[in-house]
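One structure below.
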There are 2 protein chains.
Amino acid sequence: MRDIAAEVGIMPASLYHHFSSKEDLLVSVVSESVAKIQRAVDAAIEDIEEPWVRFTAAILAHVEALLDREGFQVLVMLTLPPEISDTARASLISHRNEYERRFTSLLSAFNTPDGTDQRVLANLILGMLNSIPIWYKVDGGSSPREIGQNILSLVKGAFAQ
Amino acid sequence: MRDIAAEVGIMPASLYHHFSSKEDLLVSVVSESVAKIQRAVDAAIEDIEEPWVRFTAAILAHVEALLDREGFQVLVMLTLPPEISDTARASLISHRNEYERRFTSLLSAFNTPDGTDQRVLANLILGMLNSIPIWYKVDGGSSPREIGQNILSLVKGAFAQ
DNA sequence: GTCTATACTACGATAGAC
DNA sequence: GTCTATCGTAGTATAGAC
């Protein structure tokens, strides 16, 4: 809380005018992050009918929103602090599940190979996407668009039409 | 430290007979976790020559070691605590990089599609693998072997021979 | 190798003035 | 909406007996 206050430029106590507790702030951050990505994906796919084009547009929008500066905070989508309360944990997991559900629905238009499970595939792909900030280099590495191309070349095999 | 001591069944102070600090303990946990996966992968591929078979064996061994009970600690491979010291951070990152380097070398036998980068592909695949514990359900969900099948069906597209 | 006891610090949160 | 001041607690770590 002290670090966040310093970043914002106010005293730690002033944070409690905006958030009732540390956990409340965390839940807000995650909610905002997920909502930001969700909005970007929705905007990217709204006019697209063809399933594969729609799916690839969603992936690219997700990656770009994730890496679009100040978007790195979505890393908290990945791991939940173990000491968190049950109510906060339930709230955070529900946000993750809601996004996962929508993402999975993008896959339902495809015939996936025998032995595959669309929910497992969706979780695998989302895990891959959301891990990018861990190794992404802002300067000198691959651009979000180049990373997106690598992702699509990986993913296309499971959804050959 | 109190939680860990309670889990082990000793007093918090007794931990300092085995580790010089909290960070020292963290570095040990990560080192052990990475080494455990590395050993499992090495054992799985040592007698295999054919690149694709070798690569798939490495992926399956990685997933099984990751999910093999008490292996969940490797989750710390993913995100580093922001408050960690520079020396501890450097140590943890070097373990991650060493494993990434070896994993990337398994890809060097393949012709990857135009526009792809083998290091990016390796990072994407590792991010996907190491995210599995986040959504993996011990009871009722897919087994490690089933998850492995889904992974291979995703990955095979980028390395068609 | 584990214990008791404790020092010291960092943290989350509150009260009340402005 | 932000401040100053501070409370209470939990955290990491140390000292020294057994």
Side-chain angles (χ1 to χ4, degrees), chain A residues 1-36 39 68-98 130 133-134, chain B residues 1-36 39 69-97 130 133-134:
Chain A
M1 300 299 275
R2 285 167 158 85
D3 289 349
I4 292 170
E7 196 74 25
V8 180
I10 61 178
M11 289 289 110
S14 305
L15 288 174
Y16 288 84
H17 179 74
H18 305 276
F19 304 95
S20 65
S21 68
K22 182 185 172 183
E23 283 197 341
D24 180 43
L25 193 158
L26 174 65
V27 171
S28 292
V29 169
V30 176
S31 302
E32 289 284 329
S33 296
V34 177
K36 177 187 167 185
R39 281 194 302 272
D68 179 32
R69 305 288 156 168
E70 84 226 59
F72 274 57
Q73 72 272 40
V74 191
L75 201 55
V76 291
M77 271 181 73
L78 287 171
T79 45
L80 302 181
E83 71 275 13
I84 209 172
S85 75
D86 285 348
T87 56
R89 161 168 285 110
S91 172
L92 297 175
I93 289 179
S94 79
H95 282 103
R96 186 150 82 202
N97 286 348
E98 168 65 11
N130 291 327
I134 293 171
Chain B
M1 299 301 273
R2 287 176 211 271
D3 290 349
I4 292 170
E7 195 75 26
V8 180
I10 59 178
M11 289 288 109
S14 304
L15 288 174
Y16 288 84
H17 178 75
H18 305 274
F19 304 95
S20 67
S21 68
K22 182 185 172 182
E23 284 197 341
D24 180 43
L25 193 158
L26 174 65
V27 170
S28 291
V29 168
V30 176
S31 302
E32 289 284 329
S33 296
V34 176
K36 176 186 166 184
R39 282 193 303 272
R69 305 289 155 168
E70 84 227 58
F72 273 57
Q73 71 271 42
V74 191
L75 201 55
V76 291
M77 271 181 73
L78 287 172
T79 44
L80 302 181
E83 71 274 16
I84 210 172
S85 74
D86 286 348
T87 56
R89 162 168 284 109
S91 172
L92 297 176
I93 289 180
S94 79
H95 282 104
R96 186 151 83 201
N97 287 348
N130 291 328
I134 292 170

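Letters A, B, ... are given to chains in the order of the sequence lines, protein chains preceding strands, and every chain is numbered from 1.
Distance, B:L25 CG to D:dG11 C1': 15 Å, rounded to whole Å. Between A:I4 atom CD1 and D:dT2 atom P the separation is 15 Å, expressed in whole Å. At whole-Å resolution of the value, CZ in B:F19 and P in C:dT2 are 11 Å apart. Nucleotide D:dT9 holds its C1' atom 16 Å from the CE atom of A:M1, rounded to whole Å. As a whole-Å value, the separation of B:L15 CG from D:dG11 C1' is 13 Å. One atom, NZ of A:K22, and another, P of C:dC11, lie 9 Å apart when rounded to the nearest Å. Between the CD atom of B:E83 and the P atom of D:dT12 there is a distance of 10 Å, rounded to whole Å. Taking atom CE of A:M11 as the reference point, atom P of D:dG1 lies 18 Å away to the nearest angstrom.
In terms of phosphate contacts, B:H17 brings no side-chain nitrogen or oxygen within less than 4.0 Å of OP1 or OP2 of C:dC3. An OP1 or OP2 oxygen of D:dG1 is reached within less than 4.0 angstrom by no side-chain nitrogen or oxygen of A:S14.
In the set D:dC3, D:dG11, C:dC11, the nucleotide with an atom closest to the side chain of B:R2 is D:dG11. Checked against D:dC3, C:dT2, C:dT14, the side chain of A:I10 finds its nearest nucleotide in D:dC3. With D:dT4, C:dC3, D:dT2 as the choices, the nucleotide that has an atom nearest any side-chain atom of A:H18 turns out to be D:dT2. Here the nucleotide nearest the side chain of B:Y16, chosen from D:dC3, C:dT4, D:dT12, is D:dT12. Taking only side-chain atoms of B:A13, from C-beta outward, the nucleotide of C:dC3, C:dA15, C:dG12 with the closest atom is C:dC3.
Mapping A:G9 and B:P12 onto DNA chain D via the closest heavy atom, the residue that lands nearer the 5' end is A:G9. Heavy-atom nearest nucleotides on DNA chain C were determined for A:D3 and for A:S20, and the one closer to the 5' end corresponds to A:D3.
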Practice problem: Please step through side chain to side chain contact (heavy atoms under 4.5 Å, CB included) for the pair A:R96 and B:I134, ending with a clear verdict. | Solution: CA-CA 11 Å; A:R96 186 150 82 202; B:I134 292 170; 3.5 Å; yes
Practice problem: Using the side chain to side chain contact (heavy atoms under 4.5 Å, CB included) rule, take A:E83 and B:D3 through it: C-alpha gap first, then chi angles, then the decisive distance, then the call. | Solution: CA-CA 10 Å; A:E83 71 275 13; B:D3 290 349; over 6 Å; no
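Annotation: A:E32, atom CD; neighbour count of heavy atoms from other residues, nucleotides and ligands within 6.0 Å does not exceed 12.
Side-chain atoms of B:S28 come within 3.5 Å of backbone N or O of B:D24 as a donor-acceptor pair. Between the side chain of A:S33 and the backbone N or O of A:V29, at least one donor-acceptor pair lies under 3.5 Å.
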